[in-house]
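Chain naming here is simple, since letters A, B, ... match the order of the sequence lines and numbering starts at 1 in each. On a predicted model such as this, the values are computed, not experimentally measured, just so you know.
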Amino acid sequence: MSIPNHSATFLQEAEELLQQIEAVTLDLESSPGDMEIVNRLFRAFHTIKGSGSMFGFDAVAAFTHHVETTLDLVREGRLGITPPLVTLILASRDHIHTLLESDPAGSPALSEVGDRIAAELGRLSGADVAPAHVASTALANQQAELATYTIFFRPDPTIFLGGLDPVCLLNDLRSLGECAIETHCDAVPPLEELQPDHCYFAWTVTLATAQPETAIRDVFIFAEDGAELKIERRASSASVRVLAPVSAEAVSGEPARLEAVKVPVAVAAQKAAAPAASVRVPSERLDRLVNLVGELVINQSRLNQAQALSGDPDLAAPVESMERLIAELRDSVLGIRMMPIGATFSRFQRLVRDLASELGKEIDLVTEGAETELDKTVLDQLGDPLVHLIRNSLDHGIEGPDDRLAKGKNRRGTLRLTAAHEGAHVVITIEDDGRGLDKAALRAKAEEKGLIAPDAQLTEQETFNLIFLPGFSTAKIVSNVSGRGVGMDVVKRTIEGLRGSIILSSPEGRGTVIRLTLPLTLAIIDGLLVEIEGDRFIVPMTAVTENVELSRTERFANNGRNAVDVRGSLVPYIPLRDLFEIRGNEPELEKIVIVAMEGERLGLVVDRVIGSHQTVIQSLGPFYRDNDLFSGTTIMGDGRVAMILNLAGILRYATAQPASRPINLTK
Amino acid sequence: MSKTIMTVDDSASMRQMISFTLTQAGHKVIEACDGRDALTKLGGIVPDMLITDLNMPNMDGIELIRQARALPTLKYTPIIMLTTESQDEKKQAGRAAGATGWIVKPFKAEQLTGVVSKLLK
């Protein structure tokens with residue numbers, strides 16, 4: 001029989017349990033007296049130990065045993081929750097995680113780590129740590145010769161109420177060898193006294209078996225309580241004959257009675273966490289669903305077009321109805337992938353705690369908006385950038401306790417993580433009350449690295465943005481924690497890859513605020529469809545503020561400086577036709593789509609603005625994915641392809657080309 | 001003959017393993033993830049046997065055994081506890097609550113089928 005690989009399920013389950021353990025342990029630190037938390041913790045470790053041993057993860061089971069023992073002492077009230085114990089529990093969790101990722105049989109190096117932690121646990125609990133043993137239920141398996149046993153068995157009369165049927169036991173005996181069974185009815189009471197669900201019989205069984213006596217005893221293992229059982233070995237004999245009834249010793253006529261078990265009237269109220277009614281779905285299924293909805297949306301727009309062309313009045317109503325329904329379906333399906341950011345935030349509690357302790361700083365993490373939901377894909381990719389940003393904050397931003405006191409600040413620094421919906425976006429802020437961003441230092445560093453010209457004039461925002469240039473790092477010592485100079489530009493690109501943006505600010509040098517803006521979903525966006533020489537492009541609607549016209553005369557009126565007057569202020573623009581090197585002549589009248597990016601406005605010149613378009617994003621595929629200008633493509637209703645503009649990338653590219661560089665208006 | 005067995009355990013991997021073993025042996029298995037879930041299901045079906053873990057959230061195994069035994073449909077049904085070797089008092093408590101027998105974790109598939117066939121009529 002080939003058993004399917006259950007360890008995959010176990011590993012997944014164990015991972016979830018370990019996550020729970022981490023979260024719960026941190027809770028425990030703030031409420032050390034809460035027994036419900038201790039119980040949950042105990043159960044989690046207990047399950048890992050139990051399942052671990054079932055699936056061959058002996059090292060895990062053996063190690064977890066120590067943690068379990070320690071937690072048991074806490075449950076009994078014999079050991080209190082202290083910060084060192086919490087740290088040990090977290091270390092244990094980490095060790096188990098490591099063990100799970102390595103060879104199930106374990107390794108000497110890992111055993112050493114495990115032993116050390118176990119010894120510490122033992123020291124804390126004041127108990128001697130006996131080497132954990134994996135229970136072995138090896139039965140003595142001697143093959144004996146055929147022997148004859150006489151077995152007398154009078155069960156507890158209430159045996160049926162325990163779910164046992166003596167007939168099953170007798171059948172079990174039969175499986176051991178040849179049997180002669182005799183029933184004794186002497187204890188059966190008169191009818192008036194007879195209780196139908198009581199057993200008044202006794203049996204004498206003569207059994208010839210090669211199995212050891214322990215095998216016989218095992219048959220009765222569950223029936224021994226309150227029963228009379230005698231097993232006697234007789235002389236070896238090859239066959240069994242019906243023997244004369246063995247005279248039983250005087251058996252008391254009074255059936256043994258079980259003491260009435262008092263059932264507590266009210267079960268103690270448990271502070272049970274209400275299990276959320278939810279269904280677990282493999283991600284691929286969700287992705288397929290989203291794809292299907294995407295196709296539906298595309299086809300629906302084709303239907304729209306066809307209906308408009310045909311002008312058939314009968315089609316109008318149902319097509320409109322379909323549009324509505326599909327929009328609802330779209331929102332619903334995309335909503336399924338939404339998950340609260342809270343889980344990501346709680347991961348950071350542990351990170352901040354460990355990091356602060358490593359850096360010798362005292363830092364509180366405050367979070368807000370944990371229930372804010374984001375698309376799961378966005379959330380998954382957000383983890384690493386957020387970790388990096390938090391690390392930076394803790395490492396470079398927040399000062400040590402003494403420095404802070406000297407500055408008149410609180411000894412403990414505060415790191416604030418907030419998340420909130422703003423329109424079609426999620427805004428996440430990381431705020432600290434530390435040193436803030438030093439413009440002069442940033443500038444000096446950039447000049448030193450040759451990233452900017454010595455006399456370059458920069459706005460405050462541009463100065464802050466220097467941090468995102470590759471190779472930039474103001475850390476004088478490349479600390480272990482961060483500051484290798486590869487971080488921030490990768491963070492920015494990751495955020496932009498998610499079609500989001502990141503803005504730094506530092507009010508009066510009183511700490512730093514990092515503001516991340518992310519779209520609610522990656523799969524379908526509202527886009528503005530534009531055209532250049534017959535080619536179609538999509539501008540993400542969330543960035544668009546307005547459209548203005550640009551006549552040919554106006555274009556050259558500004559001395560070739562690419563800027564246009566919009567209600568009194570000049571907005572720089574990029575002629576996309578030139579940027580994309582599209583051949584042909586621009587029309588007499590062009591359109592400029594004005595977009596807002598990182599707090600600044602920018603214009604994109606196109607031939608025509610066609611209108612809004614529900615854009616189902618298709619990825620570019622491996623060959624084209626590395627380009628900076630387009631973040632994806634979409635398929636139009638008529639089957640043609642439109643490219644989705646990556647605004648940040650376009651700005652970068654344009655800036656690098658002298659001919660099309662949008663002018664800097666703040667000179 | 002094929003019997004219906006309910007297995008109660010908060011560990012999905014345990015349930016999966018028990019379910020597989022018993023289905024291979026020709027039985028029908030119904031799973032429940034904790035005591036409450038089990039009792040809800042027991043309101044609608046009558047298994048020929050109940051196998052339950054002892055350490056579970058929402059309602060632990062002992063309480064489940066107690067309440068299951070109180071159901072008229074389960075008065076004489078074999079109930080098996082899954083225990084670990086360190087839980088002797090639990091075993092006693094389980095017996096007192098009405099459990100029929102026990103299997104000690106970790107156990108092999110054959111031990112499970114052995115106990116099941118021992119107790120099923």
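- Side-chain atoms of B:S11 and A:T47 include no donor-acceptor pair closer than 3.5 Å.
- Note: B:T100 OG1 to A:D165 CG = 11.0 Å, rounded to the nearest 0.5 Å.
- Interface check for chain B: of the options A:D172, A:I48, A:L161, the most heavy-atom pairs under 4.5 Å are formed by A:L161.
- Heavy atoms closer than 4.5 Å to chain B are found nowhere in A:I159, neither backbone nor side chain.
- Residues A:N171 and B:K118 have side chains not in contact (no heavy-atom distance under 4.5 Å, counting atoms from C-beta outward).
- The line from NZ of B:K105 to NE2 of A:H46 is 5.0 Å long, rounded to the nearest 0.5 Å.
- Annotation for A:D197 and B:Y76: closest pair OD2-OH, 2.8 Å, computed over non-hydrogen atoms.
- In this structure the side chain of A:F222 reaches within 4.5 angstrom of the side chain of B:L119, judged on heavy atoms.
- A salt bridge is absent between B:D10 and A:R43; no separation between the charged side-chain nitrogens and carboxylate oxygens falls under 4.0 Å.
- Counting heavy atoms from C-beta on, the side chains of B:P57 and A:R40 never come closer than 4.5 Å.
- Interface residue B:M56: only backbone heavy atoms are found under 4.5 Å from chain A.
- The line from CZ of B:R15 to OG of A:S51 is 10.5 Å long, rounded to the nearest 0.5 Å.
- Distance check: B:T84 OG1 to A:H65 NE2 gives 9.0 Å after rounding to the nearest 0.5 Å.
- Formation of a donor-acceptor pair under 3.5 Å by the B:R69 side chain with backbone atoms of A:G162 is found in this model.
- The part of B:A99 that comes within reach of chain A is its backbone (N, CA, C, O), which places non-hydrogen atoms under 4.5 angstrom from that chain.
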